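See structure below.
Remember, it's a predicted structure, so these values are computed and weren't measured experimentally.
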Amino acid sequence: MKYSFISNLYCPKCGNTFNTKEQHQLCTCGAPLLVNYDLEGVKKNLSPEDLKERTNTLWRYHELLPVEDEDNMVSLGEGMTPLVSLPQLGKDMSMKNLLMKDEGLIPTGTFKARGAAVGVSKAKEVGVKELAMPTNGNAGAAWALYASRAGLQSTVVMPDDAPKITRNEVASSGANLYLVNGLISDAGKIVGKAVKDHDLYDASTLKEPYRIEGKKTMGLEIAEQLNWKMPDVILYPTGGGVGLIGIYKALNELKEIGWVVGKLPRLVAVQATGCAPIVKAWEEGKSDSEFWNESETLAFGINVPKALGDFLVLDAIYKTDGCAIAIDDESMVQEQEKVARLEGSFVCPEGAAAFVATRRLREQGWIQEEETVVVLNTGAGIKYPDTVQVNPEMLEKDDVIRRVENVINK
C-alpha cells in the first residue's frame with residue numbers, strides 16, 4: 001500500500017494545480033498552495049482500526065501526510081499529545097466538558113514541531129539543501145533543529161525581543177541566526193530578499209505547502225482521542241493561523257473518508273488586543289485582514305500583523321459558525337496563573353489567551369455549559385520564563401517557616 005495518498009498541490013484562489021515531486025512555494029497568483037489527497041483511496045485502504053497498532057506519533061496518519069517515501073521521514077517522536085480534562089477550571093467557568101490539547105509536551109516544547117517535522121521531511125524529499133525563514137521564536141527553533149536532524153542548512157531571522165531561549169535553540173542547532181530590530185514582518189522582508197539572492201527554500205508561514213500538513217495532525221488526534229466524535233468548539237491562539245487552517249482541513253478530510261460525521265466544531269481564532277487583525281476583519285465581515293500597525297503583545301507567537309493565509313483562517317471561522325476574539329496581556333497573565341493553580345498546568349501566554357477567550361465566550365452564552373470544548377495550549381509555559389513575575393520571601397540560613405498559607409484555596 002502507498003505510504004502517502006498525496007495527489008497534487010492546488011491553489012485555493014485560482015485553482016491551479018502542481019505536482020508534488022518538485023519544489024514549490026506560492027502559486028503563480030501569489031496565494032498559498034494546499035495539499036490534495038486521494039481520499040477515496042484512503043477510504044478504501046485505511047480504517048480507524050488500522051491505527052491501533054501504530055506508533056504514537058503524528059506519522060501514524062502517514063497516508064494523510066505528504067511524505068511519499070518513509071525513508072525521508074524526519075522525526076523526534078512528535079505528536080499524540082494528551083487531551084487533558086480540566087474539571088476544576090471547567091467548574092470555575094461553569095463548564096462540564098473542558099479539555100486541553102497540551103502541545104507543551106511535544107519536542108521543542110511547542111506545536112511548531114509538528115509543522116517542522118512534516119515540512120522538513122518533505123523539503124528533504126524534494127531535494128532542498130538550505131531553508132530560510134522569519135520567526136517570532138518557536139517556529140524558527142523547531143525548523144532549525146529538525147533541519148539539523150535532516151542534514152539541511154537553515155537561516156533564521158527573528159525580532160531582537162523574541163524569547164532568548166528560542167534564540168539559543170536556533171544557535172545551538174548550527175543555523176545561521178540573525179536578529180532584526182523590528183517585527184516578524186520586518187524579518188520576513190529580509191528573508192524574502194535572501195531567498196532571491198542566495199536561492200534558498202523559503203520556509204516562511206504558508207510560503208511552502210507542507211507546514212500546514214503537520215499542524216493538521218492536531219485535528220486528526222483530537223478526533224481520534226474523542227473516539228471519532230467531534231467536539232462542539234475548538235479555540236486556537238492565532239498568529240499566522242496555520243494550526244487553525246490545518247485543524248479545519250483535517251476534520252474536513254476525516255468527514256470525507258467517513259471517520260467523523262455531523263457538523264464541524266465551531267472554530268475560534270484567539271488573538272491579542274495588541275495585534276488583532278483577524279478579529280477586526282471578522283467583526284467587519286471581511287474575507288481578509290489589514291496590516292496591524294505597531295503590534296505588541298507578550299504572547300510572541302500571535303504577534304503577526306498580517307497573515308498570508310488570513311483569508312483561509314476567516315473562511316474556516318465563517319464556515320463553522322465560529323468567531324474571533326482578542327484578549328489583553330494582563331488577562332493572559334492572570335489566567336496563566338489560574339490554570340496553574342487550579343489544574344497544575346503551566347501553559348504558555350498564547351494558551352492562556354485561549355482560556356480567557358473560553359471564559360468570556362462562556363460568560364456571554366456563546367459557549368453552553370454542556371458543550372465539549374477543546375482549548376489548544378500551543379506550548380510549554382517554561383519557554384516564556386519572564387512572563388510570570390514573583391517575589392518570594394527570602395529566608396536566612398537559620399530561619400524557620402512560621403506559617404504556610406493554603407494558596408490552593410486563596
Answer whether the closest heavy-atom distance between the side chains of [X] and [Y] falls below 4.5 Å.
| X | Y | result |
| --- | --- | --- |
| Asn303 | Leu183 | yes |
| Leu312 | Asp315 | no |
| Leu361 | Val373 | no |
| Pro277 | Gln271 | yes |
| Asn72 | Ser121 | no |
| Val333 | Leu298 | yes |
| Val268 | Ile367 | no |
| Val339 | Ser345 | yes |

Short side-chain donor-acceptor distance under 3.5 Å, [Y] and [X]:
| X | Y | result |
| --- | --- | --- |
| Tyr146 | Glu78 | yes |
| Asp329 | Thr297 | yes |
| Tyr3 | Asp71 | no |
| Thr81 | Asp102 | no |
| Arg359 | Ser331 | no |
| Asn138 | Thr110 | no |
| Thr20 | Glu68 | yes |

Can you confirm whether [X] is buried at [atom1], in the sense that more than 12 heavy atoms of other residues, nucleotides or ligands lie under 6.0 Å from that atom?
| X | atom1 | result |
| --- | --- | --- |
| Asn181 | CG | no |
| Asp197 | CG | yes |
| Ile382 | CD1 | no |
| Glu294 | CD | no |
| Glu296 | CD | no |
| Gln334 | CD | yes |

So does [Y] get a backbone contact from the side chain of [X], meaning a donor-acceptor N/O pair under 3.5 Å?
| X | Y | value |
| --- | --- | --- |
| Lys255 | Gly262 | yes |
| Lys338 | Ala352 | no |
| Lys101 | Ile234 | no |
| Arg149 | Val74 | no |
| Arg167 | Asp160 | yes |
| Ser289 | Ala281 | no |
| Glu221 | Met80 | yes |

**Asked** Would Lys216 and Glu213 satisfy salt bridge (Lys or Arg N to Asp or Glu O under 4.0 Å), going step by step from the backbone distance to the final call?
**Response** CA-CA 5 Å; Lys216 86 176 182 187; Glu213 297 304 300; 2.7 Å; yes
**Request:** Please assess Leu51 against Glu224 for the test side-chain contact (heavy atoms from CB on, under 4.5 Å), listing each intermediate value before the final yes or no.
**Result:** CA-CA 10 Å; Leu51 300 178; Glu224 183 177 1; 3.9 Å; yes
**Request:** Report the C-alpha distance between Arg362 and Asp232 in whole Å, list the side-chain angles of each, state the deciding distance to 0.1 Å, and finish with yes or no for salt bridge (Lys or Arg N to Asp or Glu O under 4.0 Å).
**Result:** CA-CA 13 Å; Arg362 175 69 190 99; Asp232 297 291; over 6 Å; no
**Request:** For side-chain contact (heavy atoms from CB on, under 4.5 Å), just list the numbers for Leu99 and Val84, CA-CA rounded to whole Å, side-chain angles, deciding distance to a tenth of an Å, and then say yes or no.
**Result:** CA-CA 5 Å; Leu99 303 168; Val84 184; over 6 Å; no
**Request:** Please report the closest heavy-atom contact between Leu9 and Val35, naming both atoms and the distance.
**Result:**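 Here Leu9 and Val35 meet closest at CD2-CG2, 3.7 Å.
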**Request:** Taking all non-hydrogen atoms of both residues into account, name the closest pair between Cys323 and Trp366 and its distance.
**Result:**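 Closest approach of Cys323 to Trp366: SG-CZ2, 3.8 Å.
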**Message:** Show, in sequence, the C-alpha distance, side-chain angles and deciding distance for Gln336 and Tyr384, and conclude whether the side-chain hydrogen bond (donor to acceptor under 3.5 Å, both in side chains) test is met.
**Reply:** CA-CA 11 Å; Gln336 186 182 40; Tyr384 298 78; over 6 Å; no
**Message:** Distance to the ring centre below 6.0 angstrom and angle to the axis at most 45 degrees; does that hold for Lys319 and Tyr248?
**Reply:**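 Because its charged atom misses either the 6.0 Å distance or the 45° angle limit, Lys319 does not stack over Tyr248.
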**Request:** Run the numbers on Lys280 and Glu283 for salt bridge (Lys or Arg N to Asp or Glu O under 4.0 Å), then give the verdict.
**Result:** CA-CA 5 Å; Lys280 183 174 184 292; Glu283 289 175 343; over 6 Å; no
**Request:** Given side-chain contact (heavy atoms from CB on, under 4.5 Å), test Leu46 with Phe5 step by step and report yes or no.
**Result:** CA-CA 11 Å; Leu46 186 69; Phe5 279 79; over 6 Å; no
